[in-house]
Chemist: 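Sharing a structure with you now.
All residue numbers in this chain count up from 1 along the given sequence.
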Amino acid sequence: MNSVELTVNKRLVQKAVEPRTSLADMMRDTLDLTGTHLGCEHGVCGACTILVDGVPTRSCITYAVACDGADVTTIEGLDDDEIAGELRAAFTREHALQCGYCTPGMLVSARDLVKRLPDADEKQIRIGMSGNLCRCTGYVGIVRAVQSVITERRARDIAPEPDGGRKVLGPAGSGHKACVSSQKLAVMKSAAHAPSEVVAPLDIPDFTPSTTLDQQFTVAHPPAKVFALFGDIAAVASCLPGATLVGTPRPERVEGAIRVKIGPISANFNGAARVERDEANLSGRILGVGNDQRSRSTTQGEIRYRLVPLDDGAATQVELTIGYSLTGVLAQVGRSGLVRDLAARLVAEFAGNLDRRLSGDATSVPSAAADLNGVSLIFGLLRERAMDVVRRFTGRGGGSA
């Protein structure tokens with residue numbers, strides 16, 4: 001058991017909790033603050049959203065011990081809050097709730113938007129509320145309610161607070177800690193003055209990936225030839241669906257973009273990477289960072305590769321370790337199992353393109369500007385899984401689903 005001291009709804013609380021206890025369970029089971037609802041318990045639906053140091057936080061995936069010393073506000077603590085009161089009235093007026101299960105989390109997230117947004121922009125409201133799911137309303141009334149409160153407050157000359165009053169950027173619960181200069185938040189710029197392209201970061205730092213995938217494939221070409229191609233970043237990018245380069249690539253800095261489209265969700269990650277190669281061990285690493293302006297999502301990624309000679313050096317096994325961390329709106333739609341399966345199919349496409357280029361058939365490699373179309377990958381994956389189920393049912397053997 002660990003002793004945790006929090007300020008909860010302006011009241012100092014000290015409790016002993018197990019290290020694995022989530023902040024949501026502590027609120028509900030220990031403090032009897034059951035207005036915090038649990039839905040998916042995977043940080044996706046947003047029903048459990050509360051404020052930690054003034055920042056909306058998924059309490060179901062936040063450990064209570066990680067918030068020691070933090071200021072926590074649940075929906076019960078917003079009873080006398082001016083913005084929350086106006087939102088409750090607007091939700092009632094605009095019929096923005098039915099069963100009401102998602103409403104506490106909706107109100108917490110909406111309150112943050114009312115504080116931050118300069119005007120009642122429907123697109124920005126929908127983006128801001130996209131992390132809170134509702135199975136009843138269709139969201140129209142929710143958006144109208146938030147719009148009306150923002151419009152009324154701006155009409156009363158109540159100015160927005162840049163970044164909702166936040167002074168630091170960090171994990172939930174860290175706002176009461178001292179921050180370093182790199183954590184300072186930039187003042188939010190209006191969409192009208194935002195540049196059309198996001199400038200690639202100057203530094204490409206090392207990092208620890210939150211998700212790591214291991215893949216491998218074989219090509220019928222000697223390791224030396226494969227290693228030489230891996231040194232040609234433009235050629236490698238042309239083999240990767242959705243990837244394009246900007247300018248002349250250099251080992252210390254390569255700039256480009258990766259376009260992704262999965263159904264209605266599209267993203268254009270602009271960024272930069274650095275390339276490391278170890279000729280003695282036929283291995284290397286590509287480390288990159290990028291961000292998508294539309295969804296305000298950021299990613300860090302690395303690809304480690306090692307070439308293993310096969311068939312007395314006539315063929316090569318390419319061993320890949322792909323690691324990445326994703327934050328922002330797009331991080332809320334990812335599922336680890338699906339991502340792994342999609343990564344396997346993406347690597348298969350990359351391997352095929354690589355093999356064709358090594359064979360001198362570069363004309364059959366798809367255009368590098370083509371989007372990485374997740375829909376076709378998903379349908380292909382579902383088709384393979386269905387065939388596996390049929391094979392097992394008919395007793396003909398097959399792989400795992």
Chemist: Using side chain to side chain donor-acceptor pair (under 3.5 Å) as the criterion, list what pairs up with Glu302, not counting sequence neighbours.
Modeler: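 With sequence neighbours excluded, Glu302 shows a side chain to side chain donor-acceptor pair (under 3.5 Å) to Arg285, Arg304, given in chain and number order.
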Chemist: Applying side chain to side chain donor-acceptor pair (under 3.5 Å), can you list everything that pairs with Asp81, at least two apart in sequence or on another chain?
Modeler: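 With neighbours one apart ignored, the set is Arg111.
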Chemist: Which value, rounded to the nearest 0.5 Å, describes the distance between Asp53 atom CG and Thr7 atom OG1?
Modeler: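 Taking CG in Asp53 and OG1 in Thr7, the distance rounds to 9.5 Å.
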Chemist: Measure the CD1-CZ distance between Ile303 and Phe230 for me, rounded to the nearest 0.5 Å.
Modeler: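 Output value for this atom pair is 8.5 Å.
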Chemist: Flag yes if more than 12 heavy atoms outside Tyr305 fall under 6.0 Å of its OH atom; otherwise flag no.
Modeler: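 Counting other residues, nucleotides and ligands, OH of Tyr305 exceeds 12 neighbours.
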Chemist: Can a donor-acceptor pair be found between the side chains of Thr74 and Asn9 at a distance below 3.5 Å?
Modeler: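 Present: a donor and an acceptor within the cut-off.
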Chemist: Check this for me, if you would: do Asp32 and Arg28 make a salt bridge, where the nitrogen-to-carboxylate-oxygen distance has to be below 4.0 angstrom?
Modeler: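 Looking at Asp32 and Arg28, the cut-off is not met.
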Chemist: Should we say atom CD of Glu152 is surrounded by more than 12 heavy atoms from elsewhere, each under 6.0 Å from it?
Modeler: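 More than 12 within 6.0 Å, yes.
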Chemist: Could you note down all residue pairs passing ring pair (Phe, Tyr, Trp, His ring centres under 6.0 Å) where residues 39-61 supplies at least one of them, sequence neighbours left out?
Modeler: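 Listed once each, the pairs would be none.
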Chemist: Of all residues at least two apart in sequence or in a different chain, which pass the side chain to side chain donor-acceptor pair (under 3.5 Å) check with Ser22?
Modeler: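 Asp25.
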Chemist: When Arg126 is tested against each of Ile142, Val143, Asp121 for side-chain contact (heavy atoms from CB on, under 4.5 Å), which residue passes?
Modeler: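 So, applying the side-chain contact (heavy atoms from CB on, under 4.5 Å) to Arg126 and each of Ile142, Val143, Asp121, only Val143 qualifies.
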Chemist: Sequence neighbours left out, what passes salt bridge (charged side-chain N to carboxylate O under 4.0 Å, His left out) with Arg154? Give chain and number order.
Modeler: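 Counting only residues at least two positions away or on another chain, Arg154 forms no salt bridge (charged side-chain N to carboxylate O under 4.0 Å, His left out).
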Chemist: Output the distance between atom CE (Met27) and atom OG1 (Thr36), rounded to the nearest 0.5 Å.
Modeler: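 Here the rounded value is 7.5 Å.
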Chemist: Scan residues 85-102 for pairs that pass side-chain hydrogen bond (donor to acceptor under 3.5 Å, both in side chains), counting only residues two or more places apart or in two chains.
Modeler: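 For residues 85-102: Glu86-Arg153, Glu86-Arg156, Arg93-Ser148, Glu94-Arg144.
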